[in-house]
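Take a look at the structure below.
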Amino acid sequence: MGAKTAMLVHSDQDPITVLRSEPALDRDAADEAVTQLFPGRSIEAVEDGLLGELAFPAEGLVYIGCFPGVRIVYSAEVSTHRPSTLPLYLLDPKPGRRVFAHSMFSMTDSLAFAVWEDHTLIRSLSLSPDDGVREDIGKPLPFEQPYWDGHHPVEDYPLPFHPLALGEEALRAFIGYTLEGSAHPDEERALEIPLCGFFLGPNGSAPAAGASWRAMSENGVCKDDPSKHTLSTLLAELAAPNNNFLILERLNAEQVYIQAYRHHDNTFDLEYRNGSPHDHFQTTTESRDAVLAAFTGWMDDRPGWQDPFTWTKFR
């Protein structure tokens, strides 16, 4: 078995019926959902993914499919060994809504799934051969019972059944398809449903409401409307190998920024651009204080801030 999952399904309608009806993907709803479920994160659209091919998305990637009465979220960030600890904002509970979480990883034979109805956790199960049963909340659901009753034994295995086999059964019970061994045409059609892809920046990477400026280091640290002290700290933290540059950009304009790149010999490449490629200049300096003065002077539109440097057109 090589199946991997990391999904949440929010449903106000029966997911099996909806997914087997070849539903149209609501891209506008997916755009709204990614902002709602992952607040404070920068968001970049990426290529769509097919439901049956997403496996375990790489870090930062999230796929969302919004269909009539059903929303599917595929992301490593919704995967956990203890589903009962998933944060409320990811569950997005509403009256009458059912939420299904499913996480499966073939490399460790690990399975975790849970079901919430009307804000209430009904069932959560998490187990693996190495850890045993990590979480067992609520009564076993009907599709589980044959496994607990010993009808699916695995020879020389530390659990009474294989977690991935039960994981496939949970997928079939809740959303009407399996990742391995699917033969029914309705299941195969569901696996070909597209989901919108997004890449998420780190927490705090989305601009704060009302912010005019954003400073961002190579290591992903972001600060909105930074003070001189903050800029000084960010410049002081520039160091090889993974944090060599700092960008300060105006948020309400295209291609308006100043940036510095620190070399190993502690010299700096400094450049600024005010929108047009014809208004893009560069210089070098050995002084971090001079870089800081340039950043603050440019941000404050201070007359003469460029004068201490010899500038050339950027090529």
Side-chain angles (χ1 to χ4, degrees), residues 3-39 41 43-58 60-79 83 86 88-104 112-119 122-123 141-143 167-200:
K4 303 178 184 69
T5 64
M7 72 162 72
L8 276 176
V9 180
H10 307 94
S11 59
D12 304 307
Q13 304 290 333
D14 175 27
I16 297 176
T17 301
V18 172
L19 295 179
R20 290 184 176 183
S21 68
E22 300 185 27
L25 175 62
D26 189 335
R27 295 185 180 276
D28 290 339
D31 289 342
E32 294 177 5
V34 70
T35 302
Q36 171 201 345
L37 295 172
F38 301 96
R41 312 281 289 274
I43 299 167
E44 176 185 353
V46 298
E47 187 176 358
D48 290 354
L50 297 181
L51 184 57
E53 299 178 358
L54 293 177
F56 199 92
L61 285 175
V62 58
Y63 294 88
I64 297 182
C66 291
F67 312 102
V70 175
R71 179 171 67 193
I72 300 175
V73 181
Y74 233 104
S75 169
E77 301 198 23
V78 304
S79 175
L86 280 170
L88 192 63
Y89 71 87
L90 284 178
L91 299 178
D92 189 24
K94 295 181 179 178
R97 168 168 287 181
R98 168 179 277 194
V99 181
F100 170 56
H102 192 280
S103 179
M104 192 162 61
F113 71 85
V115 185
W116 293 259
E117 292 182 354
D118 288 330
H119 305 253
I122 301 299
R123 175 65 169 147
L141 298 170
F143 67 85
E168 294 280 0
E169 203 63 44
L171 287 175
R172 178 180 282 113
F174 284 106
I175 51 181
Y177 69 82
T178 60
L179 294 177
E180 295 198 344
S182 297
H184 194 284
D186 287 340
E187 294 188 35
E188 294 178 358
R189 282 195 291 271
L191 294 174
E192 296 175 356
I193 291 174
L195 276 66
C196 297
F198 305 92
F199 183 80
L200 305 178

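Nothing fancy with the numbering, it's 1 onward along the sequence.
Taking CD from Glu169 and CZ from Phe113, the interatomic distance works out to 10.5 Å, rounded to the nearest 0.5 Å. The distance from the CD atom of Glu77 to the CG atom of Leu37 is 10.5 Å, given to the nearest 0.5 Å. Taking CG of Leu8 as the reference point, atom OG of Ser79 lies at 10.0 Å (rounded to 0.5 Å). His10 contributes atom NE2, which lies 13.5 Å from atom CZ of Arg98 (distance to the nearest 0.5 angstrom). Taking CZ of Arg41 as the reference point, atom CZ of Phe199 lies at 9.0 Å (rounded to 0.5 Å). Note that SG of Cys196 and OH of Tyr63 are 11.0 Å apart. Values are rounded to the nearest 0.5 Å.
By the ring-ring contact (aromatic ring centres under 6.0 Å, His included) test, Tyr89 pairs with no residue at all, sequence neighbours left out. With sequence neighbours excluded, the residues that form a side chain to side chain contact (heavy atoms under 4.5 Å, CB included) with Leu50 are Glu53, Pro194. The salt bridge (Lys or Arg N to Asp or Glu O under 4.0 Å) test applied to Asp12 returns Arg97, not counting sequence neighbours. The ring-ring contact (aromatic ring centres under 6.0 Å, His included) test applied to Phe174 returns Phe100, Phe143, not counting sequence neighbours. Considering only residues two or more places apart in sequence or on other chains, Asp118 meets the side chain to side chain donor-acceptor pair (under 3.5 Å) condition with none of them. Remark: Thr5 pairs with Tyr74, His102, Met104, Leu171, Leu179 by the side chain to side chain contact (heavy atoms under 4.5 Å, CB included) rule, at least two apart or across chains.
When every heavy atom of Pro23 is checked against every heavy atom of Pro68, the shortest pair comes out as CB-CD, 4.2 Å. In this structure, Arg27 and Asp48 approach most closely via the heavy-atom pair NH2-OD2, 2.5 Å. The minimum heavy-atom distance between Ala101 and Leu86, with the atom names listed, is CB-CD1, 4.0 Å. Annotation for Ile64 and Leu25: closest pair O-CD1, 4.2 Å, computed over non-hydrogen atoms. Taking both residues in full, the closest heavy atoms of Pro95 and His119 are given as N-NE2, 3.7 Å, listed atom of the first, atom of the second, then distance. The shortest non-hydrogen separation linking Leu195 to Gly65 is CG-N, 3.5 Å.
Side chains of Val62 and Val73 form a contact here, defined as non-hydrogen atoms less than 4.5 Å apart. Side-chain contact between Met7 and Ile175 is present, with at least one heavy-atom pair separated by less than 4.5 Å. You'll find the side chain of Ile43 reaches within 4.5 Å of the side chain of Leu200, heavy atoms only. Taking 4.5 Å as the limit, every side-chain heavy atom of Ile193 sits out of range of all side-chain heavy atoms of Ile72.
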request  = Could you please spell out the steps behind the side-chain contact (heavy atoms from CB on, under 4.5 Å) verdict for Asp92 and Val99?
outcome  = CA-CA 8 Å; Asp92 189 24; Val99 181; over 6 Å; no
request  = Any chance you could lay out the side-chain contact (heavy atoms from CB on, under 4.5 Å) test for Tyr177 and Ile16, step after step, and finish with the verdict?
outcome  = CA-CA 8 Å; Tyr177 69 82; Ile16 297 176; over 6 Å; no
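Taking 4.0 Å as the cut-off between side-chain N and carboxylate O, Asp14 and Arg20 do not count as a salt-bridged pair.
The neighbour count for Glu47 CD, taken as heavy atoms of other residues, nucleotides or ligands under 6.0 Å away, does not exceed 12.
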